[in-house]
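The structure displayed is predicted, hence computed values, not measured ones.
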Amino acid sequence: MRLLEVALPLPLEALTYLPPLGREEEEALGRRVAVPWRGEVRVGVVVGEGEGRPALHLRHALAYLDERPLLREEEIAFLKAAAHHLFAPLGQVLADFLPPMPELVHRVRLFPRADPGLLPPGLSALRDWQEAKGFDPKLLDLLREAGVLEEEVSFRPQKRVLRLLKEPEEGLEEAPRRVLEALKALGEAESQAALARAAGVGVGVVKRLLEKGYIGLLPPEPPRGRGPALEPLFLPERPERVNGGRLRERMRVLKGLLEEGDHLVLFPEVGLLERFLEGFPEARPYHGGLPSWAREALFQRPGGTVFATYGGLLLPYTPQGIVVVEEGSESYKLPSGTRAFIPPLAELRARLLGIPLTYLSLVPAVEVLERKPLRLPVPKPRLLTLSLKEERGWPFTGRALALLKQVEERGRQAVVLASRRGFSALLLCPDCGYKPTCPDCALPLRFHQSPPTLLCHQCGHKEAPPPLCPRCGSPLLEPRGPGVDWLVRELKERLTLPVYRFAKDGKEDLTPLLRGEPGVVVGTTALLRGPVLPGLALVLLPYADGFLMDSDFRAAERYHRLLWALTELRPGHRPLLVLQTFHPDHPVHRALEEGEVEAFLWEEKALREALDYPPKVRMVKLEVAHRKEERALALALELLEALRKAAGEEEVLGPAPAPVPKLKGHYLYHLLLKGSTERLHELLAHLDRRKFKLDPDPFRFVGLLED
């Protein structure tokens, strides 16, 4: 008998089911299927078929939901290879990459020949077809197991709109012609009534055109790129990575790479994708910001040039090539689910399809330095480092304020970048060193001034600031570590320019600046995803070290990438980048002064190889957590003891407290494992996966929210 291996979008391996009754001979691989699971009906994908003797406990799938496979064998092979790479169940990978399912229509009734007496009291309505959602799922499952329940499961029909099918013929009356002209101008109409209103006619005119085939009810046209097409920059051969240059030059190189055939271009975030769409009217966007019907439509009919975020890796088609834009961006890191980092999976997808992959970025990631490069000339940044060991003034030194005054006098625009939200990083008693700390996280409480509040940016704990130091009674509790609100206050006191706030927790309207009016924007790294300011002349980091002092080995590389990204805040121009820092001679600053994009990264790569760190080997992070610190440590030591039987000393680091040892009431301990993917599988086989969380490609070891 045929058996189906069904992957549900849950953290599970594939489950075995019998085919739907009466459809045992149909090909099922790659089709979506409704199956009973724990008293409910779930939708999964058939990822395998086979023959065998079914066990007594096996259940029948309820219905196939696709007339043809949604996924090809190539996509199923990718899902399985990605699960192996990520040390994750197949269902979890499917949940991360499959677009949202359309809504289900699920109807049930008692089999016509079944005895109605089998129904529990109050369920006589099941003699006729009924919507399943009105009944207890567990009760329906009992009837299903008893073999007396008939079911119909399908996807609810997708959205339909009115679209033009043929041009008006000569001799067509005035009213129908107006309708067709209105529809041509609109592109599509939501309803007959909406189209009639737009054309200034009665609904009956629209109905007659629908009957005669001039217009039709069709799925909406998925969005496409916009704006005039860029002039392509053709290359004699396809490089494995493209770096440097200005943004527009890199876009022209991309245009040349995409000139013929189907292509998939991956972006770390929607903002960058939308910026690229301006020069690629032929591109079809695919990302989580689109309505579900648009993603479903593209998934059903992929092809052409697709600009996508990470979900595009599962699109069921074979492009001629894949391009990964800004491959080092941390936005490629999934914060939950498999916690995958996308560029290695893009490489896996390209290898399985047998197609080329190209990385395209201003600054290459350390992991791709060995790839065959095309280096575009980089305009040397305009950089000024101000040593906080020598300059006076805080949070703005005298020279920084003088530069801001120049911006004011010349009617230009400036950006001031802070590493944290709120007013200050903490309150500090200068007499005894006391600082209010979150009771549930090992972190100081951020001070917000309006209204005066101490807030934990991780768990949301909130309390009023104490009037006196609880430890020594001093009235001198002082804010330390300026945040966005402190910088805004300082600038409003010292400048006559309008000052705007732009951070994750609040973004003021920048329309006047977009019109070219002078002003200053103070914000967090959210500014990197904000609109382009046409008069930007100055970018200032009052405390640049706040972006550098992170507790992981990638901190310096991340800082290097941030500074180069700031040089492109106004494409085609070179705003002055001013860094207030205690480390003016840091290698990142020297590289920026010299206009060298790659030199620092090669130094980083050599250092990591000496330490046996990525990219020389893979590293995975195991995290244990418990509300009792001693129990968290005991769990971590149990993992270490289990690993000692198989791992060498150089393959295991830790256990050690996490850089922030307590978050949201849980004490955290980390172990780091190093080795090849296969070797890591061997080591993880000795551990109980229920006792820890696994990060397959750790990019940060703290896991904090943007601050």
Side-chain angles (χ1 to χ4, degrees), residues 225 227-259 263 265-269 271-280 283 305 307 321-329 331-332 343 346 356-383 528-529 532-534 536-537 539 557-577 588-602 604-605:
L230 283 169
E231 181 183 350
L233 184 60
F234 295 106
L235 305 176
E237 57 180 338
R238 187 182 185 114
E240 294 179 356
R241 65 177 174 94
V242 179
N243 302 112
R246 296 180 183 271
L247 177 63
R248 191 167 184 83
E249 287 177 295
R250 297 197 300 277
M251 291 175 70
R252 289 184 60 206
V253 169
L254 178 62
K255 185 75 174 181
L257 292 174
L258 309 183
E259 192 64 13
H263 294 272
V265 186
L266 294 179
F267 294 85
E269 53 196 27
L272 186 61
L273 185 155
E274 293 284 346
R275 182 175 294 185
F276 269 69
L277 278 178
E278 295 292 341
F280 294 83
T305 295
F307 281 12
I322 297 176
V323 179
V324 179
V325 178
E326 296 298 335
E327 75 283 348
S329 171
S331 295
Y332 276 122
L357 179 140
T358 301
Y359 297 106
L360 179 81
S361 59
L362 172 58
V363 179
V366 169
E367 283 77 5
V368 306
L369 284 175
E370 299 285 354
R371 307 303 171 89
K372 180 181 177 182
L374 169 66
R375 298 182 179 93
L376 302 173
V378 183
K380 191 173 181 180
R382 298 171 59 222
L383 176 69
L528 294 170
R529 300 178 289 279
V532 175
L533 303 183
L536 182 63
V539 179
E557 180 191 359
R558 188 160 48 244
Y559 180 58
H560 178 71
R561 182 169 291 106
L562 169 67
L563 295 187
W564 278 101
L566 293 176
T567 68
E568 287 200 326
L569 275 184
R570 187 185 174 193
H573 297 78
R574 294 189 301 157
L576 177 63
L577 178 58
V588 170
H589 299 154
R590 292 201 306 270
L592 205 64
E593 287 172 352
E594 296 165 2
E596 287 286 344
V597 170
E598 291 189 24
F600 169 74
L601 299 172
W602 284 102
E604 277 287 290
K605 185 174 185 294

Would you call Arg241 and Glu327 a salt bridge, using N to O less than 4.0 angstrom? no
As an exercise, state the distance from CD of Glu596 to NE2 of His560, rounded to the nearest 0.5 Å. 9.5 Å
Set out, in order, the CA-CA distance, both residues' side-chain angles and the distance that settles side-chain contact (heavy atoms from CB on, under 4.5 Å) for Lys255 and Met251, then state yes or no. CA-CA 6 Å; Lys255 185 75 174 181; Met251 291 175 70; over 6 Å; no
State the OG1-CZ distance between Thr567 and Arg574, to the nearest 0.5 angstrom. 10.0 Å
Side chains of Glu237 and Lys372 in contact at under 4.5 Å (non-hydrogen atoms): yes
Min side-chain heavy-atom separation Arg252-Glu231 under 4.5 Å: yes
Is the backbone N or O of Glu240 less than 3.5 Å from a side-chain atom of Arg371, with the two atoms forming a donor-acceptor pair by type? no
Quick test of your reading: applying salt bridge (Lys or Arg N to Asp or Glu O under 4.0 Å), list the pairs with at least one residue in residues 562-572, sequence neighbours left out, ordered by first then second residue. Arg250-Glu568
Checking Phe600 against Val363 for the side-chain contact (heavy atoms from CB on, under 4.5 Å) test, could you report, in this order, the C-alpha distance in whole Å, the side-chain angles of both residues, the deciding distance, and whether it holds? CA-CA 11 Å; Phe600 169 74; Val363 179; over 6 Å; no
Tyr559 and His589 aromatic centres sub-6.0 Å: yes
For Arg248, check side chain to side chain contact (heavy atoms under 4.5 Å, CB included) against everything at least two apart and list the hits. Leu230
Closest approach of Pro343 to Tyr359 (non-hydrogen atoms, all atoms of both residues): O-OH, 4.0 Å
Less than 4.5 Å apart, side chain to side chain, heavy atoms only: is that true for Glu598 and Leu369? yes
Nearest 0.5 Å please: distance from the CG atom of Leu266 over to the CG atom of Leu273. 9.5 Å
Pair Thr358-Arg238, side-chain contact (heavy atoms from CB on, under 4.5 Å): steps then yes or no: CA-CA 8 Å; Thr358 301; Arg238 187 182 185 114; 2.9 Å; yes
Which atom of Ala346 lies closest to which atom of Val324, heavy atoms considered: CB-CG2, 3.8 Å
Check whether any side-chain heavy atom of Leu376 lies under 4.5 Å from a side-chain heavy atom of Val242, and answer yes or no. yes
Is any side-chain heavy atom of Val597 less than 4.5 Å from a side-chain heavy atom of Pro364? yes
Locate the shortest heavy-atom distance separating Arg275 from Val532; write the atom from each residue and the value. NH2-CG2, 3.5 Å
For residues Leu577 and Leu592, determine if any side-chain heavy atom of one lies less than 4.5 Å from a side-chain heavy atom of the other. yes
Quick check: does any side chain N or O of Arg246 sit under 3.5 Å from a backbone N or O of Pro571, one acting as donor and the other as acceptor? no
Qualifying residues under side chain to side chain contact (heavy atoms under 4.5 Å, CB included), relative to Pro268, sequence neighbours excluded: Leu272, Glu326, Ser329, Ser331, Tyr332
Just how far is it from atom CG of Leu536 to atom NE2 of His573, taken to the nearest 0.5 Å? 10.0 Å
Leu362 to Asn243 - nearest heavy-atom pair and separation: O-CB, 3.9 Å
Atom pair CD (Glu593) and NZ (Lys380), whose distance is rounded to the nearest 0.5 Å: 8.5 Å
Ring geometry between Phe276 and Phe280 (parallel below 30°, tilted from 30 to 60°, perpendicular above 60°): parallel
Nearest non-hydrogen partners of Trp564 and Ala591, listed with the distance: CZ2-O, 4.4 Å
Are Val323 and His263 close enough that some pair of their side-chain heavy atoms sits under 4.5 Å apart? no
Leu528 side chain near Leu562 side chain, heavy-atom distance below 4.5 Å: yes
Locate the shortest heavy-atom distance separating Glu370 from Trp602; write the atom from each residue and the value. OE2-CZ3, 3.9 Å
